[in-house]
Structure formats: structure tokens, C-alpha cells
Amino acid sequence: MTGSKQVLVVIPALNEAPRIGKVIEAVKKNLEHARILVVDDFSRDNTKQIAEDTGAMVLRHPFHLGYGATLQTGYKYALQQGYTGLVQLDADGQHVAAYLPRLLGPVKRGEADVVLGSRYAGVGHYEGPLFKKIGSLLFARLASLLARQRITDPTSGFRALSKKAIAICCADSFPTDFPDADTLVHLKRAGLTIMEIGVEMRASPDKPSMHHGLSQVYYVYKMFLSTLVVMTRGRAKKEN
Amino acid sequence: MPLVQRVMALAIGVGLMLLVVDLVRRRKLKEEYSVLWLLLGFTVLILAAWFPLVRFLGGFLHASTTATILFFGMIFLVFIALHYSVKISKLTQQVKELAQEVTLLKAEISKHGRSNG
């Protein structure tokens with residue numbers, strides 16, 4: 001650990017060359033002093049080069065590991081380097097960087113350990129695919145029930161985390177594929193505070209989503225199983 | 001059990017055991033993963049060579065002898081498959097952690113390289 005630092009912006013990326021530059025520029029405009037880390041999950045295009053040229057630090061996996069593992073590499077880096085908080089957003093431009101300061105606020109003030117940017121909390125009007133909307137609604141109900149608080153968008157990857165939350169997310173049990181409702185329930189059971197903030201989100205760009213074809217069916221199965229299994233596991237300990 | 005079937009079962013048992021030993025010899029199969037397959041080959045051999053055991057197991061389960069053999073064979077294979085699924089899950093986790101470590105170490109090395117150069 002290299003002393004206590006401020007905030008790290010983690011952007012997991014896979015083949016995002018056409019979009020990553022704009023996302024980094026938007027982050028720089030909205031969070032001037034934050035360090036930007038792009039974790040490249042073995043992109044086949046020049047995502048890494050563009051991210052570096054735009055001023056971000058880049059970590060590149062030696063082969064494709066999955067979205068969850070890519071995020072976790074960022075978490076491990078943040079923990080190792082002593083960052084006190086972290087905010088994550090997707091590299092496809094779906095998340096509006098103007099909301100970054102609002103997401104980070106409660107974490108910086110110690111009011112919350114996890115702040116979720118929710119597209120279904122009354123801000124803006126999200127025009128996403130129907131399957132995604134139904135899935136979000138279904139898992140929002142499940143996560144709310146198990147976490148015993150209202151969660152409207154458990155599938156949102158637009159999040160801010162405190163150091164305690166980062167430490168828990170570095171454990172082996174963190175999913176390598178989709179860290180959504182199951183992770184939130186796990187963090188809540190560990191005694192962490194979860195907060196939601198309404199954000200605008202853009203529809204996914206014209207590239208295949210990570211939820212397509214049979215992977216949508218697997219996602220529903222996996223999320224139900226892992227969310228219910230989280231309830232049977234021991235509670236994770238808070239780490240400072 | 002007709003003689004032809006017994007001879008075939010014996011041949012399969014012996015063949016499986018020889019194949020497993022040969023795979024270990026050629027370093028295609030690690031010793032620790034050969035145990036269950038050798039055990040399977042040995043079981044087939046014993047059941048084919050000593051038919052009263054099959055009859056006893058069939059009587060114990062109130063099942064016909066053919067169904068008994070199939071039943072035990074399937075149960076055994078299901079457990080072998082499950083055993084390997086657990087192993088693969090563990091290996092996947094280890095590979096992920098190693099890859100993450102390599103990624104973080106490479107970043108650390110290039111940082112030191114920049115500060116020294």
C-alpha cells in the first residue's frame with residue numbers, strides 16, 4: 001500500500017476503441033483530480049492505446065477474464081495503492097459522466113459504502129431493450145427483498161464504492177461474470193450501507209451487449225442461484 | 001451373464017486400466033486424476049469376473065442384475081463428473097487470480113521502470 005489516496009475511476013473495457021476516448025475525456029471534465037484506470041480485458045482492437053493516449057492508466061489482462069473479474073482487477077489495484085474510494089463506469093458511453101461527482105459525494109462524506117446510479121429512480125427516461133427492463137425489474141424485487149431496502153437498479157454498473165466495499169469485493173467470492181444483485185445483497189449482509197441516486201443513462205451503443213442470445217438465459221439462472229446462495233453463506237466481515 | 005458379455009466386460013475393464021496407466025506413463029494424465037478411473041476399471045473387472053457379486057447387489061436393491069450394473073455405473077460416473085466440475089471451478093478461480101496478479105505486477109514493474117529510467 002502506498003499511503004492514502006483520494007478517488008480512482010475504474011473503467012472496465014473490452015473492444016471499446018471507438019468509444020473509450022470520449023468516455024475518458026468526459027470523466028476528466030467532470031472529475032478533474034481523479035486518477036483514471038482503464039482495465040482492458042484483452043481487447044482485440046486498440047482500446048489500450050487510445051486509453052493511454054487520452055491520459056488514462058491502463059492495466060491489460062493477459063487473456064479474457066470476464067466483466068466481473070475486470071472490475072475486480074481495478075478493485076485490487078485500488079486497494080493495493082491505498083485509494084479511499086472508487087467510482088466505476090462502463091466504457092461504452094452508456095453512463096453519463098456528469099453524475100460522477102453526485103455518485104461519489106455520499107462515499108466521500110462517509111454516508112454510504114455503495115452508491116448505485118439508478119436509471120429507474122425518476123431521473124431521465126431510459127430507453128433500453130425490453131428484456132433488460134424486465135430483468136432489472138425482476139432482480140430489483142429480489143434484491144430489495146433480500147437486502148431489506150428499496151433497490152431499483154441492481155444491474156447498474158455505474159457505482160461508487162468506499163474502501164470497505166472495495167475490500168469485500170476483492171474476495172474470491174466476487175463473481176467473474178456479472179456482479180449485480182448477488183453482490184449488493186452480499187455487501188448489505190456484510191453491514192455496508194447502500195444508497196441509490198437517480199441518473200440518466202443512454203441506450204447501449206450499436207455493439208453486441210454482454211447479455212445476448214443464450215447468455216441472457218444463463219444470466220437469469222446464474223443471478224437467481226447466486227443471489228439465493230449468498231443468503232446461505234456466512235456474512236463477510238467489514239474490513240477497514 | 002452370457003460368456004460373450006463377461007469376456008467383453010473383462011476386456012473393457014482391463015483395457016480401461018491399461019489406458020489409464022499408459023496415459024499416466026505418457027504424462028497425459030496426472031496420477032491424482034487417475035485414481036477414480038482406475039477404480040472404475042477395477043470395479044468393472046471385479047463385477048465381470050465375479051458374477052455372484054452382481055446378483056448380490058441386485059438382490060440388495062430388489063433390481064434386475066442388468067439394471068443394477070447400469071445404475072451403479074451411472075451413479076459412479078455422475079460423481080466422477082461432479083468431482084471434475086469442482087476441480088475445474090477451483091482451477092478457473094486460480095487462473096483468474098494468477099492473471100490478475102500478473103496484470104498488477106506488470107503495472108508495478110512498468111511504473112518502476114519509468115521511475116528508474
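A note on names: the letters A, B, ... follow the listed sequences, proteins ahead of strands, and every chain is numbered from 1. No hydrogens, no waters, no symmetry mates; every other heavy atom, side chains included, goes into these values. Given the structure is predicted, the values throughout are model-derived calculations rather than measurements.
Residue-environment remark: OH (B/Tyr84) exceeds the threshold of 12 foreign heavy atoms within 6.0 Å. The neighbour count for A/Arg44 CZ, taken as heavy atoms of other residues, nucleotides or ligands under 6.0 Å away, does not exceed 12. With a 6.0 Å radius and a threshold of 12 heavy atoms from other residues, nucleotides or ligands, B/Glu32 has its CD atom above the threshold. Shown here is A/Lys108, whose NZ atom has no more than 12 heavy atoms of other residues, nucleotides or ligands within 6.0 Å. Heavy atoms from other residues, nucleotides or ligands lying under 6.0 Å from CZ of A/Phe63 number more than 12.
With sequence neighbours excluded, no residue forms a ring-ring contact (aromatic ring centres under 6.0 Å, His included) with A/Phe42. The ring-ring contact (aromatic ring centres under 6.0 Å, His included) test applied to B/Phe56 returns no partner, not counting sequence neighbours.
Contacts from residues 90-100 of chain B to chain A, taken as heavy-atom pairs separated by less than 4.5 Å, involve B/Gln93, B/Val95, B/Lys96, B/Glu97, B/Ala99, B/Gln100 in sequence order. The interface of residues 20-27 of chain A with chain B, defined by heavy-atom distances below 4.5 Å, is empty.
To the nearest 0.5 Å, atoms CG (B/Leu104) and CD (A/Gln81) are separated by 8.5 Å.
Only the side chain of A/Leu65 has a heavy atom closer than 4.5 Å to any heavy atom of chain B.
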